[in-house]
Amino acid sequence: MKVGILTGGGDCPGLNAVIRAVVIKGHKMGFEFIGIRDGWAGLVELDYEPFTSDSIRGLLPRGGTILGTSRTNPFKHEGDVDKVLTNIAKLELDCVVAIGGDDTLGVASKLYEMGVNMIGIPKTIDNDLSCTDFTFGFDTAVSIVTEALDRLHSTTESHHRVMVVEVMGRHAGWIATYGGLAGGADMILIPEEPFLIDDVCKVAINRKKRGRNFSMIVTAEGAYPVVATEGSEQQGGDIITKDAEVDAFGHAKLGGVGEYIAKEVEKRTGIETRHVVLGHLQRGGSPTAHDRILATRYGIRAAELIGEKTYGRMVGIHGNAIVDVSLKDATGETKTVDMDIYRIASTFFG
Ligand code: F6P
């Protein structure tokens with residue numbers, strides 16, 4: 001059995017831990033592995049490396065991905081899917097393990113329907129992939145946000161300011177909700193609930209009533225304001241983007257909502273306000289113990305599925321049980337925030 005492994009989309013802590021688990025378990029089952037470089041680009045361009053026991057040494061705590069990654073979408077450029085299929089045949093791969101989020105696994109799902117033996121492993125710090133309760137990388141991102149909020153708390157309090165902290169979360173506010181809850185945010189803004197800038201201002205103004213002289217606002221990068229139309233405030237504001245450019249999956253570069261909120265709050269309330277964009281810090285460095293264990297469990301189950309020749313599946317976690325679900329069901333629909341958790345976080349708003 002010859003297996004190719006690739007990592008696609010934005011990197012995240014735990015990718016190397018998954019690779020290690022799949023390869024060690026697979027070697028014990030007699031499989032041979034090759035690492036495909038830079039996601040789907042490696043299969044378009046035939047860029048790969050053989051995996052030996054040496055290649056996977058020291059991987060458990062290592063951030064990023066030793067395979068490299070890209071946002072290449074072979075379905076976007078004519079001829080690329082044919083190249084992928086030809087190269088899979090050239091490499092004599094019996095199966096491809098794709099570790100990625102909705103975009104990477106969406107490609108895996110389509111290739112499976114075209115006859116490629118595919119296994120998917122869910123990765124994204126955003127935790128917005130369907131059919132699994134959690135993706136690895138999310139817990140690490142939440143820990144980084146929590147630590148950042150703890151640190152920002154002390155400087156914000158000393159200066160009696162409002163601090164607006166922008167975190168990742170393109171379509172769903174999982175990191176904002178969990179990080180904000182763990183870090184004691186006074187308000188959390190998520191894409192699932194468009195916000196009124198006046199409500200954010202109220203949090204800043206009302207803080208004195210609560211015996212506080214500072215406020216911490218957490219916003220997901222994909223949160224957006226309700227816009228005012230003809231005297232009344234209505235939903236329908238736009239997500240704030242860096243520029244008009246989109247990637248091969250049609251995603252714009254987000255960013256700027258934190259700055260927008262900070263400017264508006266200071267202008268409308270007169271209270272000194274700062275903003276911080278945590279950005280790619282949330283994706284860097286070592287995975288937490290939780291993510292190392294989750295990534296390892298996913299990798300082991302993926303190797304078992306290959307052994308069972310059960311293809312077209314994505315591993316996932318339901319409660320504390322590792323499961324496998326159809327790649328098709330898992331892709332194409334964003335898993336939005338669990339509003340029960342958001343409501344718990346909102347108890348502390350204001
Ligand atoms: O991987 C998802 C994500 O972390 C999003 O939350 C964010 O918008 C995006 O990646 C940023 O990606 P890039 O590395 O391309 O700037």
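By convention here, the first residue in the shown sequence is residue 1. As the structure lists them, so they are numbered: ligands from 1, and atoms in each ligand from 1. Small disclaimer: the values here were computed from a predicted structure and weren't measured.
Here the closest non-hydrogen pair linking C201 and T269 is CB-CG2, 3.7 Å.
Ranking the protein heavy atoms by distance from atom 9 (C) of ligand 1 puts R170 NH2, 3.5 Å first. The nearest heavy-atom contact from the protein to atom 12 (O) of ligand 1 is R71 NH2, 2.8 Å. The protein atom (non-hydrogen) at minimum distance from atom 2 (C) of ligand 1 is D126 OD2, 3.3 Å.
Taking all heavy atoms of Q282, M168, H280, E221 into account, the minimum distance to atom 8 (O) of ligand 1 is reached by E221.
In this structure, Y342 has its ring center under 6.0 Å from that of F349.
Under a 4.0 Å criterion applied to the non-hydrogen atoms of R283, ligand 1 contributes the atoms 1 (O), 3 (C), 4 (O), 9 (C), 10 (O), 11 (C), 12 (O), 13 (P), 14 (O).
Put simply, the side chain of T273 does not reach to within 4.5 Å of the side chain of E264, judged on heavy atoms.
Close to ligand 1: G169, with a non-hydrogen atom less than 4.0 angstrom away.
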Stepwise salt bridge (charged side-chain N to carboxylate O under 4.0 Å, His left out) check, R301 with D324: CA-CA 8 Å; R301 184 66 194 129; D324 59 274; 3.4 Å; yes
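Salt-bridge annotation for E49 and R37: present, with a side-chain N of the basic residue lying under 4.0 Å from a carboxylate O of the acidic one.
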